[in-house]
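Presented below is the structure to which this report refers.
All heavy atoms count here, side chains included; hydrogens, waters and symmetry mates do not. For clarity, every value in this text was computed on a predicted model and none was experimentally measured. Just so we're on the same page: letters track the sequence lines, and every chain starts at 1.
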Amino acid sequence: MIKITLPDGTVREEQSGVTALDIAKSISEGLARNVLSAKVNGQVIDATRGITEDSTLQLLTWNDKEGKDTMWHSSAHLMAEALEALYPGIKFGIGPNIETGFYYDVDFGDYKFHHDDFSKIENKMKELAKKKSEYIRKDISKADALAYFTDKDDEYKLDLIKDLEDGTITLYQQGEFTDLCRGPHIPHTGFIKAIKVLSTSGAYWRGDESRKQLTRIYGVTYPKQKELTEYLEFLEEAKKRDHRKLGKELGLFTFSEKVGSGLPLWLPKGAELRERLEQFLKKSQKEQGYQPVITPHIGHKDLYVTSGHYAKYGADSFQPITTPHEGEEFLLKPMNCPHHCEIFKSSPRSYKDLPIRFAEFGTVYRYEQSGELHGLTRVRGFTQDDAHLFCMPEQLKEEFKKVIDLVLYIFKTLDFEDFTAQISLRDPEDHDKYIGSDENWEKAENAIIEAVGEKDIKTVVEYGEAAFYGPKLDFMVKDALGRSWQLGTIQVDYNLPERFELEYTGADNAKHRPVMIHRAPFGSMERFVAVLTEHCAGNFPLWLTPTQVAILPLSEKYNDHAQNLLNLLNKSDIRALVDDRNEKIGRKIRDNEMKKIPFMLVLGEKEVAENTVAVRKHGEGDQGVMSVEEFAKVINEEVDRQTASL
RNA sequence: GCCGAUGUAGCUCAGGGGUAGAGCACUUCCUUGGUAAGGAAGAGGUCAGGGGUUCAAUUCCCCUCAUAGGCUCCA
C-alpha cells in the first residue's frame, strides 16, 4: 500500500500502481470525466499511469494551466494523426503545445499546403477524436526507436532520438499514429471536442536557418464548442483593435515606400497625441529633478567604439556615413546614452550635484531585419523617452526606486493595471556575451533585486535577458485583451561610466566613478502609442485624445453659433471641432461616433435660444441638455481626474 | 535575412491575355434636418516598380520593393 496526499491534505491508502484516474473515479464520476493529467510529486504525468510510491497528487483539469498544456499537446498528436491519414508519407518534426493551442512542424515533401486544407484537417480530427482512442505510452529502447523511425523514414525523429539517452525513450500511440514523445497525454482523444486549425507558416528545423524549412501548422482545441467560439471572437476583437488598422482609420500615422520601410510618418492627429504624452512625462520628470538635454541624430563612430555598441552591433547596423573629404565616419545614433555620457563629462561634477538626470526624447535608428518590421511596434527609426541618471553608488537604490514609482504612475494614469516586472539578468552559462567585470554585474543585479524587493509589485526573474552592458528591470504589461507587451525598462549600468571614464569629486576630494541608470518608462513613443491604441481600442482617455468634442449644428443656420461655441470651448482648453458639413444630424453623429470622438454637442434652434448644448457621449448616446459652462466643467474635471499628479 | 502568401482608385475589395469595376471617401448641385448612412451628377487608376514571353500583358514568367503571417534577431 502507498500513501497519496491530496491538495486539501487528506491522505489516502491505495494499492501500488493506482492511477490518478482511479482516484478521481473514487471521488466522483464527474471529476473523472474532466481529468486530463495529474501532477504527482510536482511532476505532470498521464492520469492513466500507475503510481508506485508515496506521493502528493493533484488532479489536473481544463482549469489548470498544466491541464490545458496536456490537452493541447495531445491535440497536436491528434492533428498529426489526421495529417498522416490525409497525406500519407509526410514527415513530422516537433509538435508541442504553446501558450494558446499547439502546432506541428511537418515536411510535406513536394505537396504545397494551402489554407483550403484547413477544414479538411479539422474534419478528420473531429472524426478521429470521436473514436476516443486512448493515448498509450510505451517505453522503448533506443535501438528499437531508431529502427521504428528508420522504417518510417522520418529523418527528423531520428535526429531527435540521436540526442536522447537509452532507457529514457518513450513513444505514445493513439489510433493509427505513433510519435516519439515524453508525454504526458490526456486519457483519450474524446476529450477534444472543438477544433480549429488556425494558420500556417514556415519554421526551420530546430530553429536553424541553415536547415530545411518545415510547414508549421497552428491549431487550437477546446473541450467545449462555446469556448472555441469565444476564443475566435477574441481573435476578431484583437483584429479590430490592431493599431495598424486603427492608426489608419483615426489618422494617427502612415508609412511610405518612398520614405522607407520601418520609418513611420506621424500624421497631425498622431503627432498631437504623442506630444501630449511627451508633455505629460516631461511634467512628471521635472517634478523628479530631471533636466532636458538635446543631442544630434548622428555621432562619430569612435563614440560607439568607446561605448561598445560598435563591436556588438556595428556589422548589423546602418553602415557609417562618411564625410566627403576627410573620410570621417559617423553613425546614425542607435542609443542616446553615449551622447549623454559626453554631456556628463562636459564639466567637472561634484558629489553635491548628484544625482544628475538627463532626459531626452531621443530619436534613434536601428537596422531591424526586414521580416521583423511590424506597424509601430517594430520600426527602424523611433523615439525613446530616454533619460540617464548618474549617481553615487550609495544613491543607486533610492534612485532606482524613484524610477519605479514614475513607471507605475504612468501605467496607472494610462489604465494599465495588470503588469509584471521582469528582472532580466545575465545568462549564467555565457558571460562572454556581456561587457564589464563580474563584480560590477553582481552589484548591479543586486541593486535591482533589492530595489524591487522594497516595492510591492509582481516580479519574475529571467536569465539571459539582460542588456550587454547591464541588467534590466523590464515592465511587461497586459492589455485589455490579456496580451503581454514589454513597455518600460530600467537598467543599471556600471560599465559605460567606466568606458567613458566618468568621474565626480567626492566629499573626500578624490575622484569617484558614478553609476548610471538608463530608463524609458514608455519604452519608445511608437511602441507605446501602438500598445495604448490596442489597449483602449482607439478610445483614448479624454486628456489624451486629439479631438475631445465634435460640435454638430443641426443645419447651416446654426453654423455661426457653432463657431462661437468652438471659440468658447477652446478658451477653456477644450479641443473641439465643428462638423458643418451639409449633412443630416444622423449622418454627423454616425461619422463622429466612428471617429471615436468622446463627446458630441448637438446644436439646434432650442440650444441656440437657451444657450445650452445637447450632450452625446461616445458609445453611450444622449446625455441630455446642459449649459456650456456646465459642460466645460464636466470635461475639465474628467481631465484633471485622469491626470492626477505623481 | 529565410519560407510560403499578398500588392488593382484615398479606403475596403471584385475582376481577368484584347487599353479597368463596385461600395465608401472626395467635388458640385438639390435638400435645411432633432440623435448611427437624404438624393443626384462628377472627378479619380502607368492595375507596386523593372525586365521577359506574346501580334497584344494589369493578367503568364523572372527580378526588385513593400505589406501581412511565422522562423531567426532585438542595444
Rounded to whole angstroms, how far apart are CD on Glu249(A) and C1' on G10(B)? 14 Å
In terms of side-chain heavy atoms, does His300(A) have a donor or acceptor partner in Glu329(A) at a distance below 3.5 Å? no
Between Asn559(A) and Asp580(A), a side-chain donor and acceptor under 3.5 Å: no
Say we look at A48(B) and U58(B): how far apart would their C1' atoms be, to the nearest angstrom? 11 Å
Just by distance, with hydrogens left out, do Lys269(A) and Thr547(A) show a side-chain donor and acceptor under 3.5 Å apart? yes
Take atom C1' in G23(B) and the same atom in G17(B), then report the distance between them in whole Å. 28 Å
Parallel, tilted or perpendicular: which one describes the rings of Phe108(A) and Tyr87(A), with boundaries at 30° and 60°? perpendicular
Does anything in residues 234-246 of chain A pair up under salt bridge (Lys or Arg N to Asp or Glu O under 4.0 Å), and if so which pairs, sequence neighbours excluded? Glu236(A)-Lys239(A), Glu237(A)-Lys240(A), Glu237(A)-Arg241(A), Asp242(A)-Arg244(A), Lys245(A)-Glu249(A)
Please check if the side chain of Glu122(A) supplies one atom and the backbone of Val197(A) the other of a donor-acceptor pair under 3.5 Å. yes
Looking at residues 551-561 of chain A, who's got a heavy atom less than 4.0 Å off RNA chain B? Leu554(A), Ser555(A), Glu556(A), Lys557(A)
Determine the minimum heavy-atom distance between Pro514(A) and Phe390(A), stating which atoms define it. CB-CB, 4.5 Å
Return the 5'-most residue of the pair Gly262(A), Val625(A) with respect to RNA chain B, ranking by each residue's nearest nucleotide. Val625(A)
Are the side chain of Trp441(A) and the backbone N or O of Ile435(A) linked by a donor-acceptor pair below 3.5 Å? yes
Could you write nucleotides 36-41 of chain B as a row of B, S and -, 5' to 3', where a protein heavy atom under 4.0 Å of any base atom gives B, of only sugar-phosphate atoms gives S, and otherwise -? BBB---
Taking the P atom of each, how far is C47(B) from A41(B), in whole Å? 28 Å
Could you tell me the separation between the CG atom of Leu250(A) and the CG atom of Leu267(A), rounded to the nearest 0.5 Å? 11.0 Å
What does the B/S/- profile of nucleotides 68-75 of chain B look like, 5' to 3', with a 4.0 Å heavy-atom cutoff to protein? SBBBBBBB
For the residue pair Tyr469(A) and His518(A), categorise the inter-ring angle as parallel (less than 30°), tilted (30 to 60°) or perpendicular (more than 60°). parallel
Spacing of the C1' atoms in G18(B) and C13(B) (rounded, Å): 25 Å
Nearest-Å distance, CG (Asp107(A)) to P (G4(B))? 13 Å
If you measure from the C1' atom in A75(B) to the same atom in U8(B), how many Å do you get, rounded? 41 Å
Whole angstrom is fine here: how far is it from CG in Leu603(A) over to P in G33(B)? 14 Å
5' to 3', nucleotides 45-51 of chain B under a 4.0 Å protein heavy-atom cut-off (B base, S sugar-phosphate only, - none) gives -------
Atom C1', compared across C3(B) and U72(B): separation rounded to whole Å: 12 Å
Mind checking Lys248(A) for me? I need base, sugar-phosphate or nothing, with any heavy atom below 4.0 Å counting as a touch. sugar-phosphate
Quick test of your reading of the model: are Lys91(A) and Glu155(A) salt-bridged, counting only N-O distances below 4.0 Å? yes
Contact class for Glu607(A) (heavy atom, under 4.0 Å): base, sugar-phosphate, or nothing? base
Nearest whole Å is fine: how far is U67(B) C1' from Leu376(A) CG? 15 Å
Rounded to the nearest angstrom, tell me the gap between atom CG in Leu250(A) and atom C1' in C11(B). 14 Å
Without swapping roles, check the side chain of Asp385(A) against the backbone of Phe522(A) for a donor-acceptor pair under 3.5 Å. yes
Give me the distance, rounded to whole Å, that separates A9(B) from C73(B) when you measure between the C1' atoms they each carry. 38 Å
Donor-acceptor contact present, side-chain Trp72(A) to main-chain Thr221(A), <3.5 Å: yes
Just need the stems in RNA chain B: three or more back-to-back Watson-Crick or G-U pairs, each with both distances under 3.5 angstrom, sorted by first number. B:1-3 with B:69-71, B:5-7 with B:65-67, B:10-13 with B:21-24, B:26-30 with B:38-42, B:48-52 with B:60-64
Relative to the ring of His77(A), is the ring of His73(A) parallel (under 30°), tilted (30 to 60°) or perpendicular (over 60°)? perpendicular
For Glu526(A) and Arg366(A): C-alpha separation, side-chain torsions, deciding distance, then whether salt bridge (Lys or Arg N to Asp or Glu O under 4.0 Å) applies. CA-CA 14 Å; Glu526(A) 284 74 9; Arg366(A) 298 177 184 174; over 6 Å; no
Shortest non-hydrogen contact from Met125(A) toward Ser75(A): CE-O, 3.8 Å
Whole-Å P distance, G69(B) and C24(B): 30 Å
Is it the case that the side chain of Arg380(A) and the backbone of Glu368(A) share a donor-acceptor pair, with hydrogens and angles ignored and the cut-off at 3.5 Å? yes
Ser261(A) near the nucleic acid: base, sugar-phosphate alone, or nothing, with a heavy-atom cut-off under 4.0 Å? sugar-phosphate
